[in-house]
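So the structure is just underneath, and the comments pick up after that.
Every number for a ligand or one of its atoms is a count from 1 in the order of the listing.
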Amino acid sequence: MAASIGVLGLGLLASAFASYNIDQDVHLDTVGLLRKYGYPAEAHEVTTADGYILTLHRVPHSPSPPPGGRGAGARRPVVFLQHGLVCSSADWVVMGPGVAPAYVLADAGYDVWMGNSRGNTYSRRHTSLSPDGLFNSKFWNFDWHEMGIYDMPASIDYVLETTGEEKLFYVGHSIGTTIFWVMNSERPEYNDKFRAAFALAPQIYMGHIPQPLFRAAAYANKPSELIFKLVGYNEVKKGNPQNTIFGTICRHKLPYKIMCDNLIYFLTGYDPEELNSTMLPVLMSHTPAGASSKTLLHFLQEILSDEFQMWDYGLTNIFHYGSLSPPKYNVSKVTVPVAIHYSIGDRLTGKMDVDRLFRNTRNTIGKFQVPKDHFSHMDFVWGVHSKELIYDLIIGLMSRF
Ligand SMILES: *[C@@H]1O[C@H](CO)[C@@H](O)[C@H](O)[C@H]1NC(C)=O
Ligand SMILES: *[C@@H]1O[C@H](CO)[C@@H](O)[C@H](O)[C@H]1NC(C)=O
């Protein structure tokens with residue numbers, strides 16, 4: 001009795017300490033964050049067919065599972081979360097229990113897995129190539145095409161094998177949706193491995209992206225040169241790019257000072273009610289989490305071409321593809337039931353592009369506009385009210401499959 005009261009006391013002390021000390025969260029990784037808040041966490045390693053070593057993160061169950069026996073030891077449906085551009089698995093946990101999607105889904109009784117795309121903090125390794133040094137170009141020579149045909153199939157196979165499940169749910173954010181469409185159109189046998197998919201702020205067609213800065217970059221005469229100069233050749237580095245790029249602009253007083261403090265919000269949209277500014281140092285310590293510059297450039301190519309197609313080599317397309325323009329991904333090969341979630345405050349996902357994706361998707365669950373006008377791109381993972389606005393809806397939809 002005394003012992004259990006002692007344990008309870010320690011637990012209360014630990015949780016009080018945890019909720020008041022977010023400074024630590026700046027330094028903790030995905031597993032460290034989950035464990036700090038009392039959730040079981042695992043890291044798994046997956047090697048892709050082309051040698052990239054990826055880390056998957058997992059919350060096998062919640063410490064406080066819902067009634068009805070989806071606790072430790074029980075069989076739980078699997079949900080796989082795939083982050084967006086320059087993000088990582090940390091984005092699904094960084095806002096903490098009760099708010100961040102990984103906790104919300106674990107608490108709802110799911111076995112939660114999180115991918116990490118090649119090149120980010122957790123997946124910056126290869127069996128023979130080095131990401132560092134003068135001769136690292138080979139390592140960084142990839143974009144979301146390879147994430148779709150190599151990373152995601154390897155990750156999904158690993159999760160199904162480890163859990164013994166036949167199918168899983170997929171939740172992708174931003175380029176996490178692009179990867180899903182690439183995989184299921186290029187390797188259609190993977191369609192059978194999903195119960196349903198939820199596309200948050202999808203980036204399949206990008207011809208109508210609302211953010212004028214990305215348009216400008218795409219239309220600039222030599223977009224590749226511009227971007228390479230901004231981000232450094234081959235790797236988009238982890239760090240604080242606003243200090244160098246927007247530092248000059250933001251020294252002046254602007255109406256939304258906070259947009260300047262934070263490059264990501266400046267580029268993707270800003271809803272003051274969804275951004276918990278106390279958490280900003282924590283968010284910025286985890287994001288950007290690294291990527292290849294080619295991934296960004298492929299994204300810019302999509303803005304110009306207004307097509308969902310493979311990497312454009314320009315004059316040498318004929319040698320790579322046997323045609324003058326790159327092949328288009330055949331989206332009608334994607335047969336998984338898909339729900340599309342978007343918002344009109346999102347500066348990266350255009351409404352017309354969403355409508356086109358919805359029209360071209362064969363098996364749709366629905367198209368859901370977030371009922372909040374300023375809700376923006378990163379709010380899908382970081383938003384203070386993302387549980388109420390998005391994940392409660394997704395959990396409800398999942399129960400149909
Ligand atoms: C913002 O984050 C802090 C630190 O985690 C938390 O104490 C506070 O309740 C949050 N505010 C809102 C509006 O969610
Ligand atoms: C795209 O895939 C569909 C379904 O498999 C097929 O009927 C169609 O011929 C394909 N289109 C092209 C251009 O390959």
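Protein residues having a heavy atom under 4.0 Å from any atom of ligand 2 are N330, S332, K333, R362, listed by chain and number.
Between L300 and A217 the shortest heavy-atom distance is CD1-CB, 4.2 Å. Scanning all heavy atoms of the two residues, the minimum distance from V384 to L275 falls at CG2-C, 4.3 Å. In plain terms, the two heavy atoms of D151 and S155 that are nearest each other are O-OG, 2.8 Å.
Each of the atoms 14 (O) of ligand 1 lies under 4.0 Å from some heavy atom of V384.
With Q203 as the fixed residue, the side chain to side chain donor-acceptor pair (under 3.5 Å) test singles out one of T178, T177, T349: T349.
Between K333 and E186, none of the side-chain N atoms (NZ, or NE/NH1/NH2) sits under 4.0 Å from a carboxylate O, so this pair counts as no salt bridge.
For the salt bridge (charged side-chain N to carboxylate O under 4.0 Å, His left out) test, residues two or more places apart in sequence or in another chain that qualify with D111 are R58.
Side-chain rings of F214 and F299 approach one another, their centers coming within less than 6.0 Å.
Distances between N or O atoms of T278 and those of ligand 1 include no value under 3.5 Å.
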